[in-house]
Amino acid sequence: MNTLERTLLVFPPAFGLATASPFAHKAMLLLNMAGLSYEVKIGNPMRAPKGKLPVLIDHGAVVPDSGFIRLHIEQKYGFDFDRGLTAAQRGSARALGALLEDRLYWVLVYSRWFEPGNAARLRDTFFTAVPAPLRSMVFGLVRRQVRRQLRGHGMGRHSGDEIYRIGELDIAALDASLEGKPFLMGGYPTAIDATAHAFLASIDVAGLGSPLQRDVAERKSLRAYSQRCRAALEPVQPSAGTGT
């Protein structure tokens, strides 16, 4: 264990992001909001407890999943990410979080893996450790697995146009939820802002264009919101070490 005794295992940086995963990015923001120091390391999802990242290792406690990382911080350190919110606001924040994490996420996955022009960039970013002669084959195998996951969720049963229409409506709902407020629940950031900012950042990346990205870029209020979140929530980027 490092001297901080708190390590966050994440996917590697990509496309100008601290980590390629919005869920790992969200976990980083939550730790920062709670004022907890931590070290970032590149993890291996195949060795993670649930086969996914992020995973927080906190003084020996292993906590997978960004949602359970939030609960761990609240329970262990007594930090209330939604302090000052009414029960109705907390309910609205949870519902909006589900919209982003359980539906818009799959539109994002489709835009990364199946939007024409993005596949080659994704392959050459995430699969550099694979020898060049095998890279396309391995990428194709993983891509087929992602397609099965999309279909199992239900999103992949729609056409591309229909998937992006769903994304457009979800982005519009997020924009409407601001209602002229600096942050989604009012005048200061809460947990839902960590989630929303992580997803907006994952959508708005250079080199991976899509209708979903254009939907975000065309909304001035969301662009301004992203800038406020970046200023308020982004941690000083720690160096990412090698996961074990």
Side-chain angles (χ1 to χ4, degrees), residues 2 7-29 31-32 38-57 62 64-66 69 101 104-153 155-156 160 163 167 197-214 216-217 226 230 234-244:
N2 61 82
T7 300
L8 186 67
L9 303 180
V10 302
F11 287 100
F15 311 118
L17 301 171
T19 175
S21 162
F23 295 99
H25 190 179
K26 167 192 166 186
M28 294 172 70
L29 299 177
L31 286 162
N32 188 61
Y38 62 99
E39 180 182 13
V40 172
K41 286 189 176 182
I42 305 307
N44 181 351
M46 299 297 292
R47 299 178 63 181
K50 297 183 179 181
K52 294 185 177 183
L53 298 174
V55 173
L56 176 66
I57 305 174
V62 179
D65 186 90
S66 64
I69 289 172
E101 296 187 351
L104 186 62
Y105 169 72
W106 293 102
V107 182
L108 172 61
V109 168
Y110 178 85
S111 73
R112 285 186 173 184
W113 287 88
F114 300 103
E115 174 66 21
N118 286 350
R121 179 79 189 278
L122 205 67
R123 180 196 64 208
D124 295 336
T125 299
F126 290 150
F127 292 81
T128 54
V130 180
L134 300 176
R135 191 171 301 158
S136 292
M137 182 187 71
V138 172
F139 176 74
L141 291 172
V142 175
R143 197 165 181 252
R144 284 195 288 275
Q145 182 180 8
V146 173
R147 189 182 294 276
R148 287 195 295 271
Q149 291 172 342
L150 277 164
R151 186 168 178 81
H153 171 270
M155 188 66 72
I163 291 172
H197 175 54
F199 272 81
L200 289 173
S202 286
I203 293 168
D204 188 25
V205 296
L208 291 181
S210 72
L212 182 64
Q213 186 183 78
R214 291 194 292 273
V216 172
S226 291
R230 186 174 298 110
E234 286 288 0
V236 176
Q237 297 298 344
S239 58
T242 302
T244 57

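Basis for what follows: all heavy atoms, side chains included, without hydrogens, waters or symmetry-related copies.
Although no hydrogens or angles enter the test, the distance criterion places no donor-acceptor pair under 3.5 Å between the side chain of Arg112 and the main chain of Leu122.
Partner of Trp113 under the side-chain contact (heavy atoms from CB on, under 4.5 Å) criterion, chosen from Asn118, Leu150, Val146: Val146. Each of Glu101, Lys52, Lys26, His25 was compared with Ser66 under the side-chain hydrogen bond (donor to acceptor under 3.5 Å, both in side chains) criterion, and only Lys26 meets it.
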Show, in sequence, the C-alpha distance, side-chain angles and deciding distance for Leu108 and Ser202, and conclude whether the side-chain contact (heavy atoms from CB on, under 4.5 Å) test is met.
CA-CA 8 Å; Leu108 172 61; Ser202 286; 3.8 Å; yes
Assess whether side-chain contact (heavy atoms from CB on, under 4.5 Å) is satisfied between Met137 and Leu134, documenting all intermediate values.
CA-CA 5 Å; Met137 182 187 71; Leu134 300 176; 4.1 Å; yes
Apply the test side-chain contact (heavy atoms from CB on, under 4.5 Å) to residues Val130 and Phe139: give CA-CA distance (whole Å), side-chain angles for both, the deciding distance (0.1 Å), then the verdict.
CA-CA 9 Å; Val130 180; Phe139 176 74; over 6 Å; no
After noting the C-alpha distance and the side-chain angles of Tyr110 and Leu212, does the key distance pass the side-chain contact (heavy atoms from CB on, under 4.5 Å) rule?
CA-CA 10 Å; Tyr110 178 85; Leu212 182 64; over 6 Å; no
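Taken from CD1 in Ile203 to OG in Ser226, the straight-line distance is 9.0 Å, to the nearest 0.5 Å. Interatomic distance, CG of Leu8 versus CD of Glu39, reported as 10.5 Å (0.5 Å rounding). Distance check, rounded to the nearest 0.5 Å: CZ of Phe114 to CZ of Arg147 gives 4.0 Å. For the atom pair CZ (Arg230) and CG (Leu29), the distance works out to 11.0 Å, reported to the nearest 0.5 Å.
Here the closest heavy-atom approach between residue Tyr38 and residue Asn32 is recorded as CE2-N, 4.4 Å. The nearest pair of heavy atoms linking Val55 to Pro49 is CG2-CD, 3.9 Å. For the pair Thr125 and Ala14, the tightest heavy-atom approach, listed with the atom from each and the gap, is CG2-CB, 3.9 Å. Of all heavy-atom pairs spanning Pro211 and Glu115, the tightest one is CD-OE1, 3.8 Å. Of all non-hydrogen atoms in Phe11 and Thr19, the two that sit nearest each other are O-OG1, 2.8 Å. Shown here for Ala48 and Leu53, the closest heavy-atom pair between the two residues is CB-CD2, 4.2 Å.
With a 4.5 Å cut-off on side-chain heavy atoms, Pro13 and Ile42 count as touching. With a 4.5 Å cut-off on side-chain heavy atoms, Arg143 and Arg123 do not count as touching. Contact of the Val142 side chain with the Phe126 side chain is not registered, since no non-hydrogen atoms from C-beta on lie closer than 4.5 Å.
Under the ring-ring contact (aromatic ring centres under 6.0 Å, His included) criterion, Tyr105 pairs with Phe23, sequence neighbours left out.
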